[in-house]
Amino acid sequence: MFRAAAPMTRSAAQGDATPGQGVGARLLRKEDDRFLRGRGRFVGDLKLPGMREVAFARSPVAHGRILEIRIPPDLRGTVFTAKDLVGVKPIRAVSGLPGFRPSEQPALATDKVRYVGEPIAMCTGRSRAEAEDAAARIEVDFAEEPAVSDMLLGRRPDAPRLHADWPDNVYLESLVVGGESFTGLDAAVKITREFRTSRQCMSPMEGKGVLAHWDTRREQLIVETSTQMPHIIRNGFCDFLGLEQRQVRVAAPDVGGGFGHKGVLSPEELCVAWGARALGQPLRWIEDRREQLTANANCREHHYIVTAYADARGKLLALEAEASVDAGAYSAFPFTGGIEAAQIASILPGPYDFPRYRCRTWSVASNKPPILPYRGVARTGVCFAMELMLDAIAREVGREPYEIRLENLVRPEQMPFDNITNKHFDSGDYPECLRRLVAAIDIPAVRERQRLGEPDGRLIGLGLSIYNEQAAHGMSVYGAWGIPILPGYEQATARILPDGGLEIRAGIQSHGQGLETTLAQVANEILGIDPARVSVIHGDTETSPYSPGTYASRSMVMAGGAGATAGRQLVPRLATIGASLLQADPSQVRFEGGHVRSASGSVSIEAIARTWYLQPHELPADVDRGGLEVTAGYRAERDSGTFSYGAHAALVAVEPRTGEIELLRYVVVEDGGVLVNPMIVDGQIYGGVAQGIGTALYEEMRFDAAGQPLASTLADYLLPGSVEVPDVQILHMETPSPYTEFGVKGIGEGGAIGPPAAIANAVNDALRSFGVEVTSLPVTPRRVVEAIAARSSGAPQPTLSTGFERA
Amino acid sequence: MKPAAFDYVRPDRLEDAADLLAEDGVGTKIVSGAQSLGPMLNLRLVRPGRLLDVTAIPALRTVEDAGDAVVIGACITHADIEDGRVPDAWGGMLRQLASGIAYRAVRNRGTVGGSLCHADPAADWLSILTALGAEARLYSRRGRRTVALESFVLGAFETALAADEILEAVRIPKLSGRARWGYSKSCRKAGEFAHAIGVVVDDPETGRCRAVIGATETPPILVADARGLLSGDGTVQADWVLRLLGEAGMQDPFEQQIHLVALERAGAQARL
Ligand SMILES: Cc1cc2nc3c(=O)[nH]c(=O)nc-3n(C[C@H](O)[C@H](O)[C@H](O)COP(=O)(O)OP(=O)(O)OC[C@H]3O[C@@H](n4cnc5c(N)ncnc54)[C@H](O)[C@@H]3O)c2cc1C
């Protein structure tokens, strides 16, 4: 389906200088060798002697008090409820933002349940089937309470209350105001729109899984879990189980995709870890698709009312917005129930420069699973809202949508640019990115095609979107979002082995990003060692320095920076030993291509390593006693993040009678700074675009008024398949970040940000003759048909509801 | 998502299968391809005491030319038809449409008989074979009986099959060389169950012109004489269709619209 990149062959030379395998090489992914042969090892592949499988008895009701839990006597000792979990504290993820109301998420429900699927009892068995048999026999009496099934209902004063000690259902209300005063604002154009993005469910190929056991020799809890962030998860285990850090090891085996679903400490993980220790038995839980869909991997549900003010040419004069996020029943660890809304307020302005801004947001608790940050986090929804506004302005002022964007984008001569919410855009040429997209899609040809009409009566539409994506940002940014666990400095260990091979040890976790390859490319760039001889050891608290892990497109920038720094610190040590072997003055040698070279000869890393480890008597007396192993730390010159950016264009054909939408063409122009491996970047973009197409057209996790999830299998929750994803054309720009090692920027999420906006804009362009717009995601056939049908009914205009006077 | 424990038998004679099915107090459920039953077992929506696997019974895998019809055994798979292991007597219609059911992995195991007995209104065979005027042959210890498909399916997921009966075979009338057909299913992604189905089969040789609207909440809606429904240019009498949909309890305008379009598309194909 996707255009395959030209494969590169790997150099067979071992330990030799291997040109073309460093930063910028389209190297085949090392890890794919095991994945494509079915030799990866996931939690589902792990087994321990005496291991028991876990299933959970889960709440069938969305909201209610637990009156009684009845466990058949023959299940005693194999089934556990909250009262068994002595010493286990509820999960708390407390945002540092003022006014945040924390929730307490019990590992197993205590007196109350707050969403369908909330775990009530942990059941163990010799097989998963036996554990499910037990779960099916647990009887629970509930006193049901009315459910908050929607965030807007949840904000109403008469709404049922999720957390008894809160005055309402709001985790956090925030207000961001920037730029000049709104007073006296006089705009030729004032447009208000209401937008909704659906609740979605992240769908990595592998669900979550966890295997825990207590190592009696080390007196250590060993948790092998499908996580993106082993060190942070360890913090959570220690906090909530009351263990010391040295008593917990968290290791991720191969992880089959995460997207944020595995950036959480889940109650199931906590139960299994508790049980492994308390029972002295290895326990394993493998999340099935139904648990993942209905109870766990929820994300993305936003509501917006946005008003844009512009002049008659479409130049933005001001933007005001209200946004709600349906954050679910609990504040999930570690990113909190406040992150998504806090992000919205700070990133809604996107890549644009305009003088007035205010945005109020609410994170609303509801009787649904806690939402987790999904690839792109709030950006996908924000880009959808903002880009649909720009198209609405374009229609209002009668100009091409791209012209309106060029009118408003931050210009290259303004870079680096501090925007209206104090985001520091590091580098780039946004207008050029858009111009390249416009050229690639050939707008005049599309407009001519539209004018002529299609023989089959379908309507052609063209839609654009442009966004920027903050990545690898550090404590200053996360602090502003209130996250309790902040990313700061990143360390990596570079260790040259006695045979001249290399280990890179890093605390990030690669679960599809290809970091086993790209970090080896970084090592190759610095040390000249063949990537085939570099092992990247990651995802294990025992084997690497501390790291916040892999999220927010941070790992290439941060672990790459740390790896490069560590590698660079090895160079003088290699040079000193090499010079002595060459009997040259250290100032007369240089390190190049994996060799120390003097005027008369050269010596390889292998020879140097052999000398250090095996022939130390040949070392000079002043040799660095640290040897051939360095742990070095890194932080970008500014930790405000890199800003990669991209522009997407979608060409669609819409059948107005049935609402069927066909994606005819999809083009991406992406600037991710210096690309360590352009082939891997293409893969990240393809995958992200596929997910964005899911957000745009298919994925919808609906709940009824009682809070019952309406999709519990993949027959009801539609994911795009290979047939639904068109051939994506990718064009690259490469503007280095001024602040990072090699000038790289994070690019992991961008692909998923642009598609909903571009596709919805394309559909609305196609529906232009009807004078209607689709403003809710996903854009389903029904929504298209109903929008057309409603065109004459004169639906009321949305208005901003709450006065900003309170500001 | 693991099924509750069940027993499993796999006889190789139809008579033995009927005996096993008639045993009291066991809670026996027939399984063929398990492509519909399997998920229901896994979700514990059904909890039979015993599964009676009928796929080892040679008599259920036969294909027989009966002159003006072909009789195919209930355990003939979608893939058997797609790959041409069932001789074509329908101008390529069944072969082509088989290839559009679900995904290849499902077609390898899923059977025509299982699909009909499951009686999901959105299933392809139900509408297609109703349009062709097929009949179901049922077997039990009490004997055999033959039921026209439109009488076999009583409602969504509901058939005329008695508790002790096995669907043995399906008798599908052949189409002549001059026959024209059209089929349209509306789904949002490849391999998905249909949201609307339209079938038109017009055979001037036999004078039969039948149309079916499928994927409703009811058995397929059959118009046994569809000559007046379809005009020469391929358009359909929308009022007629809407009345039929209304009678079937369909009120939602979007649903009505996509069913109407599906039938129109099938009609247009058949007229081309
Ligand atoms: C992912 C997926 C997508 C699908 N998409 C489609 C689609 O697009 N279109 C479509 O038409 N179908 C689709 N199906 C269903 C598929 O075609 C099934 O194979 C079919 O519906 C059932 O056939 P089976 O042989 O698997 O029956 P089983 O699942 O084994 O049985 C189904 C039911 O029929 C009964 N039964 C089976 N055989 C007999 C018999 N000989 N006598 C009496 N009772 C019997 C069983 O007791 C059970 O109640 C899909 C299935 C899956 C898993």
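Just so we're on the same page: letters track the sequence lines, and every chain starts at 1. Values reported hereafter were calculated over all heavy atoms of this structure, with side chains retained and with hydrogens, waters and symmetry mates removed.
- In this structure, chain B has no heavy atom under 4.5 Å from any part of A/S712.
- A/T658 and A/E660 are linked by a side-chain donor-acceptor pair at a separation below 3.5 angstrom, with hydrogens and angles left out of the test.
- For chain A, the nearby parts of B/L43 are the backbone and the side chain; heavy atoms of each come within less than 4.5 Å.
- For the options A/R657, A/R128, A/R290, heavy-atom pairs under 4.5 Å to chain B are most numerous at A/R657.
- Taking a cutoff of 4.0 Å between a charged side-chain nitrogen and a carboxylate oxygen, B/E192 and B/R188 do not qualify as a salt bridge.
- Within the 4.5 angstrom heavy-atom criterion, no atom of A/E130 approaches chain B.
- Heavy atoms of B/P3 lying under 4.5 Å from chain A belong exclusively to its backbone.
- Looking at A/A55, neither its backbone nor its side chain comes within 4.5 Å of chain B, counting heavy atoms on both sides.
- Contacts between A/E291 and chain B at a heavy-atom distance below 4.5 Å are absent for every atom of the residue.
- Heavy atoms of A/I661 lying under 4.5 Å from chain B are absent altogether.
- Across B/V9, B/L52, B/V26, a single residue satisfies side chain to side chain contact (heavy atoms under 4.5 Å, CB included) together with B/L21, and that is B/L52.
- A donor-acceptor pair shorter than 3.5 Å can be found between the side chains of A/N296 and A/E287.
- Under 3.5 Å, the side chains of A/T197 and A/R300 contain no donor-acceptor pair of N or O atoms.
- Donor-acceptor pairing under 3.5 Å is lacking for the side chains of A/Y666 and A/D727.
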